[in-house]
Number of protein chains: 2
Amino acid sequence: MPKPEVDPTVSLQLSVDRSSPVPLYFQLSQQLEAAIEHGILTPGSLLGNEIELAGRLGLSRPTVRQAIQSLVDKGLLVRRRGVGTQVVHSQVKRPLELSSLYDDLEAAGQRPATQVLTNTFAPASAEVAAALGVSEGSQVHRVERLRLAHGEPMAYLCNFLPTGLLDLESSQLEATGLYRLMRAAGITLHSARQTIGARAATAVEGDRLGEPEGAPLLTMQRTTFDDTGRAVEYGTHTYRASRYSFEFQLLVRS
Amino acid sequence: MPKPEVDPTVSLQLSVDRSSPVPLYFQLSQQLEAAIEHGILTPGSLLGNEIELAGRLGLSRPTVRQAIQSLVDKGLLVRRRGVGTQVVHSQVKRPLELSSLYDDLEAAGQRPATQVLTNTFAPASAEVAAALGVSEGSQVHRVERLRLAHGEPMAYLCNFLPTGLLDLESSQLEATGLYRLMRAAGITLHSARQTIGARAATAVEGDRLGEPEGAPLLTMQRTTFDDTGRAVEYGTHTYRASRYSFEFQLLVRS
DNA sequence: GTCAATGGTTTGTCCGGACAATCGGACTGC
DNA sequence: GCAGTCCGATTGTCCGGACAAACCATTGAC
């Protein structure tokens, strides 16, 4: 017997607080996730079987399964019938959240800043009306912003929102991202439809971003929906390709 | 009483086959998904409570919940405690699968074709070695392809694979996509890390794709991992921005 | 020596029940 | 008329158990 092959979770000091309002499965999944994050549960290592783990924690197997399943859905664990559950080897960072450019830059330590160029109402063009599901020519909120990082222009953001959803003040828009403001207003973001492409900069676009005419620009159009299916935002963004690229992780839905 | 407000699932002829090896929850979720897809369950309509649905189908509530939960994860349904489960309004198409360009084009009816330019072994560059987790200079499989749609060049694909994973024949590569070949070889794709950017075409790149020098190109680098965390593929792709853009739907992980 | 049968281990599926948390509407009091 | 309160409805969480299916290693047969 060359290896004792002990269950790594026994030395993990897992514990749950039944008096807490936090669901038990969630407490467990958070502790497991933290252990994976900190390298205490090493990639590839088996997680002792569910029955025994449940017994050790004083939980039922369904509860333990729910905790493990949530981490499987996040891509951190892999289960194999007849084998067990093991920690995925690769480093999964973020499975592509619906994130704002502002948060992305902030997380990367890029000190984002925003210049609000326009913050007004305008009649909806055919394109905007189709995206937001309103009638052409009806009033919509229009916000144009320039996003800077380290004082350098990174992207030009043009967003349209249905009227009456929330009040947008320029001062707020310069302090944080649009999504954070929408969530704070009680809107639960649900899904988004995105298109990413590229094109050559026109003279006007180049001037705005500090690029020469004809320079390659990354473009993104995005329509965001809340959980009732309402379109709550449509945006047309252009990024300096020399300074920005989209990076994300995605999981195979099995 | 202006509206009877009947449970729309009663007229849905839901049924499960207990003798089938297909899990019961999966049978149910597929039938519900099909009903949503075909518009039989209209967006916004309530889904009748779980207890009653379970009783009507002769299933237990956990089984019904599992079926519903899988559709919630797909973004097709939304649950609200105290209210019920309702069909999401927006049209969710695909929540960004790990798909190959070949399948995408085929699904869009674009009659994809592939020209294999290179199919050989080569020593790994530093970039490739880092992505695949092999030592620099070791032999890796190298495949260069030109992807056409309607006879027009769409993208130039350069892929690297660890040796010994699978045999790639040029004839197979011209008939289908790389991912389909990998799955057929028993490799279970798990996750991928992608970077999407843009740059101006060099003279060589322009020639390959039929674009002038300096034309904007969409670029993508992707490293794909299997469920053991092994990197199984690294690719550097360039797309004609005038002909192609990335389009996808993404969900908020709640 | 190689291949097939066997058995133990582990996850997958399913059941029936219980109580808590939350939502929305109806009712009540002011 | 309006605000606060109560209550039914529905999902969220959790339990304990049972059997099936798949995987792996060992054993046995040829």
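Chain naming here is simple, since letters A, B, ... match the order of the sequence lines and numbering starts at 1 in each.
Straight-line distance from the CD atom of B:Gln86 to the P atom of D:dT10: 13 Å, rounded to whole Å. Counting to the nearest Å, the P atom of D:dT11 and the CD1 atom of B:Ile51 are 8 Å from each other. Atom CD in B:Glu52 sits roughly 15 Å away from atom C1' in D:dT11 (whole-Å rounding). Regarding B:Leu47, its CG atom lies at a distance of 8 Å from the P atom of D:dT11, rounded to whole Å.
Residues satisfying the ring-ring contact (aromatic ring centres under 6.0 Å, His included) test with B:His237, not counting sequence neighbours, are none.
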Strictly under 4.0 angstrom, non-hydrogen atoms only: write out the protein contact profile of nucleotides 19-24 of chain D, one letter per nucleotide from the 5' end, B, S or -.
--BBBS
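Minimum heavy-atom separation, B:Leu132 to B:Pro162: CD1-N, 4.0 Å. The two residues B:Leu181 and B:Leu173 come nearest to each other via the heavy atoms CD1-CD2, 3.8 Å.
Around atom CZ of B:Phe26, no more than 12 heavy atoms belonging to other residues, nucleotides or ligands sit under 6.0 Å away. Heavy-atom contacts from other residues, nucleotides or ligands closer than 6.0 Å to CD of A:Gln139 number more than 12.
How far CZ of B:Phe225 is from OG1 of B:Thr188: 14.0 Å, rounded to the nearest 0.5 Å.
Nearest-nucleotide positions on DNA chain D place B:Arg79 closer to the 5' end than the other of A:Arg18 and B:Arg79. Residue-to-nucleotide proximity on DNA chain C shows that, of B:Leu59 and A:Ile68, the 5′-proximal contact is made by A:Ile68.
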Where do A:Glu233 and A:Asn159 land on the side chain to side chain donor-acceptor pair (under 3.5 Å) test, with the steps shown first?
CA-CA 7 Å; A:Glu233 179 252 344; A:Asn159 289 91; 2.5 Å; yes
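Ring pair A:Phe160/A:Tyr234 is parallel by interplanar angle, where below 30° counts as parallel and above 60° as perpendicular.
Residue contacts for A:Pro62: at a heavy-atom cut-off of 4.0 Å it reaches a base atom on one of the strands shown.
Close approach of DNA chain C to chain B, defined as any atom under 4.0 Å from a non-hydrogen atom of the protein, starts and stops at C:dT13 to C:dG24.
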